[in-house]
Amino acid sequence: MSDLSAPEFPEWPQFGDEERTGLIRALEQGQWWRVGGNEVDTFEAEFAAYHGSSHALAVTNGTHALEVALEVLGVGPGTEVIVPAFTFISSSLAAQRLGAVAVPVDVDLDTYCVDPDAVAAAITDRTRVVMPVHMAGQFADMDALDKITSDAGVALLQDAAHAHGAQWQGRRVGELGSVAAFSFQNGKLMTAGEGGAVLFPDEESYEKAFLVHSCGRPRTDRDYLHRTTGSNYRMNEFSAAVLRAQLSRLDGQIAVREQRWPLLASLLAEIPGVVPQGRDPRGDRNPHYMAMFRIPGITSERRRVVVDELIARGIPAFVAFRAIYRCDGFWLAGAPDETVEQIAERCPNVEQIHADCVWLHHRTLLGTEEQMHQIAAVLADVLAG
């Protein structure tokens with residue numbers, strides 16, 4: 001192999017005086033939790049407005065965002081939640097933690113998002129929620145999924161952990177009429193190290209979620225009148241202050257990534273054996289949480305070597321998510337009455353993607369045009385070695 005390497009990409013997380021100012025503001029207000037403070041309330045209003053929603057609830061992390069949303073939607077023992085089999089395992093674990101059965105289904109081989117036909121085939125009289133994941137910022141087919149769930153009388157929950165600022169046919173996540181959950185974990189498109197949020201289309205569901213996320217206690221309660229079950233999922237004031245600054249950066253970062261990905265994707269497609277993630281044109285704004293591509297036919301051992309070599313050459317690369325049904329943790333609670341191989345047989349696309357996909361951290365897409373050429377040149381060199 002040659003000594004070809006990539007230059008340094010922008011660091012992540014990105015921060016500056018805006019975050020420092022916010023942290024000092026939260027510190028000096030004298031109240032460091034949401035009851036009595038201003039940062040969480042203000043962040044919720046700003047985040048909801050940015051995504052075209054009437055209500056946002058800030059919580060401790062993205063997994064908890066899914067759990068709160070699912071509980072509000074009536075998920076519990078005896079119910080089923082349909083999830084894509086190719087996703088980070090929080091999508092299924094959130095349902096399983098509530099006592100529900102998580103039902104994995106296949107995804108589209110081009111976009112890596114859930115296949116609507118597979119969803120329709122998996123719906124039963126126990127299905128309570130369908131949970132599409134907007135993989136790497138690419139919207140799932142919301143038109144088809146909205147019709148399927150409406151016809152079946154089940155709820156639609158968008159796992160938007162990768163989709164901050166995304167749009168579907170000009171509509172933002174919060175304008176699609178369904179609940180949506182976000183993550184602010186350290187690698188996400190905006191971050192406070194950890195954190196999450198849920199968008200709700202109506203006040204009733206938001207108020208129910210507020211109770212769930214605050215141990216069942218109303219916001220004005222002084223007598224410990226806990227009205228429902230729940231837990232402490234409350235975000236603190238410092239995290240909210242950082243996220244307000246992070247939100248102010250998001251538009252500019254998305255604009256850069258939207259310029260860089262088409263160039264990088266075209267360069268990757270020129271490398272023999274490399275297939276970049278596709279894009280549904282109806283997803284007309286993609287924040288590009290990950291730069292994803294497949295190398296069909298590669299072995300798991302060879303893929304690991306490729307990823308390690310990319311990292312050694314300065315490119316932050318990762319193997320893709322493992323199919324959730326091929327993780328031991330998936331089977332410990334709330335698993336369907338099937339074997340691994342039975343699920344694999346009905347998820348042929350997931351079987352391919354989880355075995356041959358590689359992704360690059362989104363900070364690579366904040367680099368220069370020259371760096372996009374560098375990435376492709378390094379990958380081609382590694383694959384040729």
Side-chain angles (χ1 to χ4, degrees), residues 13-16 18-19 21-23 25-26 29 34-35 37-62 64-66 68-69 72 134 137 139 142 146 156-185 188-192 194-210 212-214 219 233-258 283-289:
Q14 295 188 348
F15 65 92
E18 298 88 346
E19 284 80 2
T21 298
L23 286 169
R25 186 177 62 237
Q29 72 176 347
R34 72 165 303 155
V35 181
N38 297 309
E39 297 297 327
V40 175
D41 288 345
T42 304
F43 170 65
E44 288 174 339
E46 292 170 349
F47 192 77
Y50 181 82
H51 288 93
S53 179
S54 55
H55 299 88
L57 181 72
V59 296
T60 38
N61 58 60
H64 287 165
L66 292 173
V68 170
V72 169
H134 301 323
F139 260 101
M142 292 301 292
D146 185 64
L156 186 60
L157 167 59
Q158 303 175 65
D159 184 337
H162 304 173
H164 313 66
Q167 290 184 179
W168 175 258
Q169 299 188 103
R171 292 179 293 165
R172 294 166 288 178
V173 174
E175 295 176 309
L176 297 173
S178 53
V179 178
F182 293 81
S183 171
F184 307 126
Q185 177 269 344
K188 294 300 188 293
L189 293 159
M190 48 181 288
T191 181
E194 288 286 5
V198 190
L199 301 181
F200 293 98
D202 60 88
E203 186 172 2
E204 181 181 357
S205 57
Y206 167 78
E207 290 296 339
K208 183 176 180 180
F210 188 96
V212 169
H213 106 299
S214 193
R219 68 183 73 236
Y233 300 124
R234 295 185 298 265
M235 178 179 285
N236 67 77
E237 291 286 282
F238 296 111
S239 293
V242 170
L243 288 167
R244 291 181 63 193
Q246 291 277 295
L247 182 61
S248 72
R249 300 175 182 278
L250 187 58
D251 274 342
Q253 293 167 340
I254 292 175
V256 174
R257 294 191 195 100
E258 280 277 61
D284 46 24
R285 191 179 195 229
N286 185 334
H288 300 287
Y289 170 58

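In terms of heavy atoms, Ser54 sits closest to Ala48 at C-CB, 4.5 Å. Residue Val72 comes nearest to Lys208 through the heavy atom pair O-NZ, 3.6 Å, listed as atom of the first residue, atom of the second, then distance. When all heavy atoms of Gly137 and Ala166 are compared, the pair lying nearest together is O-CB, 4.0 Å. Ala181 and Leu66 make their closest contact through CB-CD2, 3.6 Å (heavy atoms, listed as atom of the first residue, atom of the second, distance). Among all heavy-atom pairs drawn from Ser239 and Ala192, the shortest one is O-CB, 3.7 Å. Among all heavy-atom pairs drawn from Ala69 and Val179, the shortest one is CB-CG1, 3.9 Å.
To the nearest 0.5 angstrom, Met142 atom CE is 8.5 Å from Trp168 atom CH2. For the atom pair CG (Asp284) and CZ (Phe139), the distance works out to 9.0 Å, reported to the nearest 0.5 Å. Here the CD atom belonging to Glu46 is positioned 12.5 Å from the NE2 atom belonging to His51, to the nearest 0.5 angstrom. In this structure, the separation between CG on Leu199 and CZ on Phe182 is 4.5 Å, given to the nearest 0.5 Å. Rounding to the nearest 0.5 Å places CG of Asn236 at 11.5 Å from CD of Glu194. Rounding to the nearest 0.5 angstrom, the gap separating the CG atom in Leu57 from the CZ atom in Arg234 is 11.0 Å.
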Let me see the working for Arg219 and Val35 under side-chain contact (heavy atoms from CB on, under 4.5 Å), right down to the final yes or no. CA-CA 8 Å; Arg219 68 183 73 236; Val35 181; over 6 Å; no
Given Asp146 and Leu176, is the side-chain contact (heavy atoms from CB on, under 4.5 Å) satisfied, shown in steps? CA-CA 9 Å; Asp146 185 64; Leu176 297 173; over 6 Å; no
Dump the intermediate steps for side-chain contact (heavy atoms from CB on, under 4.5 Å) on His162 and Leu189, then the final yes or no. CA-CA 7 Å; His162 304 173; Leu189 293 159; 5.5 Å; no
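Side-chain contact of Glu258 with His288: a donor-acceptor pair under 3.5 Å is present, judged by distance alone. Side-chain contact, Gln14 with Gln253: a donor N or O sits under 3.5 Å from an acceptor N or O.
Between Phe184 and Phe47, the ring-plane angle classifies as perpendicular under the 30° and 60° cut-offs.
For the salt bridge (charged side-chain N to carboxylate O under 4.0 Å, His left out) test, no residue two or more places apart in sequence or in another chain qualifies with Arg257. In terms of the salt bridge (charged side-chain N to carboxylate O under 4.0 Å, His left out) criterion, residue partners of Asp41 (sequence neighbours excluded) are, by chain and number, Arg34. In this view, Glu19 and Phe15, Val242, Ala245, Gln246, Arg249 satisfy the side-chain contact (heavy atoms from CB on, under 4.5 Å) rule, not counting sequence neighbours. Looking at residues two or more places apart in sequence or on another chain, you find no salt bridge (charged side-chain N to carboxylate O under 4.0 Å, His left out) involving Glu204. The salt bridge (charged side-chain N to carboxylate O under 4.0 Å, His left out) test applied to Asp251 returns Arg285, not counting sequence neighbours. Evaluation of the side-chain contact (heavy atoms from CB on, under 4.5 Å) rule for Ala58 yields Val40, Phe43, Glu44, Met235 as partners, not counting sequence neighbours.
Ser178 places no side-chain N or O within 3.5 Å of a backbone atom of Leu157 that could act as its donor or acceptor partner. Listed for the Ser205 side chain is a donor-acceptor partner under 3.5 Å among the backbone atoms of Asp202. Between the side chain of His164 and the main chain of Ser183, a donor-acceptor pair closer than 3.5 Å is present. A donor-acceptor pair under 3.5 Å is absent between the side-chain atoms of His134 and the main chain of Ala161, judged by distance alone. Between the side chain of Thr42 and the backbone N or O of Asn38 there is at least one donor-acceptor pair closer than 3.5 Å.
Salt bridge Glu237/Arg25: absent, no basic N to carboxylate O contact under 4.0 Å.
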